[in-house]
J.: 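Here it is: the structure, laid out below.
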Amino acid sequence: MTALDGLVARRTTTAQQIADGLSQRILAGAFRPGERLRESAIASELGIARNTVREAVRLLEHGGLVRFEVNRGAVIISPTPETVAELYTARQRLETAALAEPLSGDQLAIVEEAYARLETATASHERADIVAADLAFHAAIVATLGSDRIDAFYAGLTRELRFYLMALSAHEREYENPSKVVSEHEPLMKAVRAGDAQRAQREASHHIETNAERVQRILAAHNDE
């Protein structure tokens with residue numbers, strides 16, 4: 001490796017580290033939807049070159065958390081009724097496809113483990129942990145399709161959806177009631193355990209459609225403020 005290659009590698013690593021840190025802050029709700037990311041302020045705060053921050057922000061753009069607007073630069077993604085509908089439609093099709101057949105013993109064990117983590121997370125009343133565990137449970141269902149490419153695609157969907165949920169869920173404060181979160185998933189989990197593929201698909205569709213409607217309602221209330 002040449003000295004130039006080493007410089008590029010170190011610079012890329014730094015940019016990725018900055019991108020990871022910013023991603024965590026974004027997903028935790030430190031930035032509002034539509035808020036501008038000021039590269040100079042971030043560079044000053046972290047004591048690094050603005051070019052490195054710019055590279056990090058570009059990585060966030062590829063990850064779906066940031067978009068570039070004319071005359072504004074990098075801004076945090078902001079949900080619209082159309083993007084929410086697309087996200088939930090994709091979720092519904094992937095999850096119902098994964099549940100088209102009864103799960104094998106190994107597949108069921110993985111989904112059971114994810115469900116147990118969701119139960120544990122809901123008892124914590126920590127919104128970020130509950131959102132992550134909720135989405136991880138559904139990701140475990142999709143993972144039964146056995147495709148790394150589909151898993152990667154679904155991870156992109158849930159990354160964006162996680163930010164939306166973190167940014168918008170405070171309107172209903174639903175994560176303050178752990179029994180409600182668990183009860184919403186119980187019918188789906190019972191169908192999966194019973195090996196009833198058709199019922200599992202119906203329950204998954206109902207769960208996703210219900211939550212899509214709720215997010216759209218929260219979004220509408222947010223936009224009316």
J.: For Ser104, is there any backbone N or O sitting under 3.5 Å from a side-chain donor or acceptor partner on Gln107?
T.: yes
J.: Sequence neighbours left out, what passes side chain to side chain donor-acceptor pair (under 3.5 Å) with Arg58? Give chain and number order.
T.: Glu61
J.: Tell me whether Thr89 contacts the main-chain N or O of Ala85 through its side chain, where contact means a donor paired with an acceptor under 3.5 Å.
T.: yes
J.: How would you list all residue pairs meeting salt bridge (charged side-chain N to carboxylate O under 4.0 Å, His left out) that involve residues 71-80, not counting sequence neighbours?
T.: Glu69-Arg72
J.: Spell out, yes or no, whether Val75 and Ile42 are grouped together once hydrophobic residues are joined by side-chain heavy atoms under 4.5 Å, including indirect joins.
T.: no
J.: With Ala133, which residues qualify under side-chain contact (heavy atoms from CB on, under 4.5 Å), at least two apart?
T.: Leu118, Ala121
J.: Once salt bridge (charged side-chain N to carboxylate O under 4.0 Å, His left out) is applied, what residue pairs with a partner in residues 100-113 remain, sequence neighbours excluded?
T.: Glu112-Arg193, Glu113-Arg117
J.: Per the salt bridge (charged side-chain N to carboxylate O under 4.0 Å, His left out) rule, what does the pair list look like for residues 14-23, sequence neighbours excluded?
T.: none
J.: Name all residues meeting the salt bridge (charged side-chain N to carboxylate O under 4.0 Å, His left out) criterion together with Arg159; count only those two or more places apart in sequence or in a different chain, and write none if there are none.
T.: none
J.: Quick one: does Val66's side chain get under 4.5 Å of Ile77's, heavy atoms only?
T.: no
J.: For Glu203, what residues pass the salt bridge (charged side-chain N to carboxylate O under 4.0 Å, His left out) criterion, not counting sequence neighbours?
T.: none
J.: So, are Glu213 and Arg217 salt-bridged, with charged N and O less than 4.0 Å apart?
T.: no
J.: If I take atom CG from residue Leu59 and atom CD from residue Gln17, how far apart are they, to the nearest 0.5 angstrom?
T.: 11.5 Å
J.: Scan for ring pair (Phe, Tyr, Trp, His ring centres under 6.0 Å) pairs involving residues 98-117, sequence neighbours excluded, and state none if there are none.
T.: Tyr115-Phe137
J.: Is Leu60 close to Leu37 at the side-chain level, that is, under 4.5 Å between some pair of heavy atoms?
T.: yes
J.: Nearest 0.5 angstrom please: Arg54 CZ to Ile18 CD1, how far?
T.: 14.5 Å
J.: Report yes or no: does Thr158 contribute a side-chain atom to a donor-acceptor pair with the main-chain N or O of Leu161 at less than 3.5 Å?
T.: no
J.: Determine, step by step, whether Ile141 and Leu188 satisfy the side-chain contact (heavy atoms from CB on, under 4.5 Å) criterion, reporting the C-alpha distance in whole Å, the side-chain angles of both residues, the deciding distance to 0.1 Å, and the verdict.
T.: CA-CA 11 Å; Ile141 291 175; Leu188 170 57; 4.0 Å; yes
J.: Compare every heavy atom of Leu99 with every heavy atom of Gln201, then report the nearest pair and how far apart it is.
T.: CG-O, 3.7 Å
J.: Scan for ring pair (Phe, Tyr, Trp, His ring centres under 6.0 Å) pairs involving residues 189-218, sequence neighbours excluded, and state none if there are none.
T.: His138-His207, His185-His207
J.: Please report the C-alpha distance between Glu209 and Arg214 in whole Å, then the side-chain angles of each, then the deciding distance to 0.1 Å, and finally whether the salt bridge (Lys or Arg N to Asp or Glu O under 4.0 Å) criterion is met.
T.: CA-CA 9 Å; Glu209 289 168 0; Arg214 182 162 57 190; over 6 Å; no
J.: Show the nearest heavy-atom pair for residues Arg199 and Pro187, with the distance to one decimal.
T.: NH1-O, 4.4 Å
J.: Taking Thr120 for the side chain and Ala116 for the main chain, is one N or O donor matched with an acceptor at less than 3.5 Å?
T.: yes
J.: Output every pair passing salt bridge (charged side-chain N to carboxylate O under 4.0 Å, His left out) with a member in residues 73-94, not counting sequence neighbours, ordered by first then second residue.
T.: Arg91-Glu95
J.: Ile150: which residues meet the side-chain contact (heavy atoms from CB on, under 4.5 Å) condition with it, sequence neighbours left out?
T.: Leu94, Val142, Leu145, Ser147
J.: Could you tell me whether Phe68 atom CZ has more than 12 heavy atoms of other residues or ligands within 6.0 Å of it?
T.: yes
J.: Can you check whether Tyr88 reaches Val215 side chain to side chain, under 4.5 Å on heavy atoms?
T.: yes
J.: So if you build clusters from Ile, Leu, Val, Met, Phe, Trp, Tyr with side-chain heavy-atom gaps below 4.5 Å, do Val192 and Val182 land together?
T.: yes
J.: If you measure from OG on Ser44 to CD on Glu39, what distance do you get to the nearest 0.5 Å?
T.: 13.5 Å
J.: Looking only at heavy atoms, which two atoms of Ala74 and Val57 are closest? And how far apart?
T.: CB-CG1, 3.4 Å
J.: I'd like to know if the side chain of Ser205 and the backbone of Arg202 have a donor-acceptor N/O pair within less than 3.5 Å.
T.: no
J.: I need the minimum non-hydrogen distance between Ala90 and Leu157, along with the two atoms involved.
T.: CB-CD1, 3.6 Å
J.: With sequence neighbours excluded, what pairs up with Arg25 under the salt bridge (charged side-chain N to carboxylate O under 4.0 Å, His left out) test?
T.: Glu45
J.: Distance from Asp196 atom CG to Lys190 atom NZ, nearest 0.5 Å?
T.: 13.5 Å
J.: Using modelled atom types only, decide if a donor and an acceptor are shared between the side chain of Glu35 and the backbone of Ile76 within a distance under 3.5 Å.
T.: no
J.: Please give me the minimum heavy-atom distance between Pro102 and Gly195, naming the atom from each residue.
T.: CG-O, 3.4 Å
J.: Assigning hydrophobic clusters by single linkage (Ile, Leu, Val, Met, Phe, Trp, Tyr; side-chain heavy-atom cutoff under 4.5 Å), is Ile48 placed with Leu22?
T.: yes
J.: Is any side-chain heavy atom of Met189 less than 4.5 Å from a side-chain heavy atom of Val111?
T.: yes
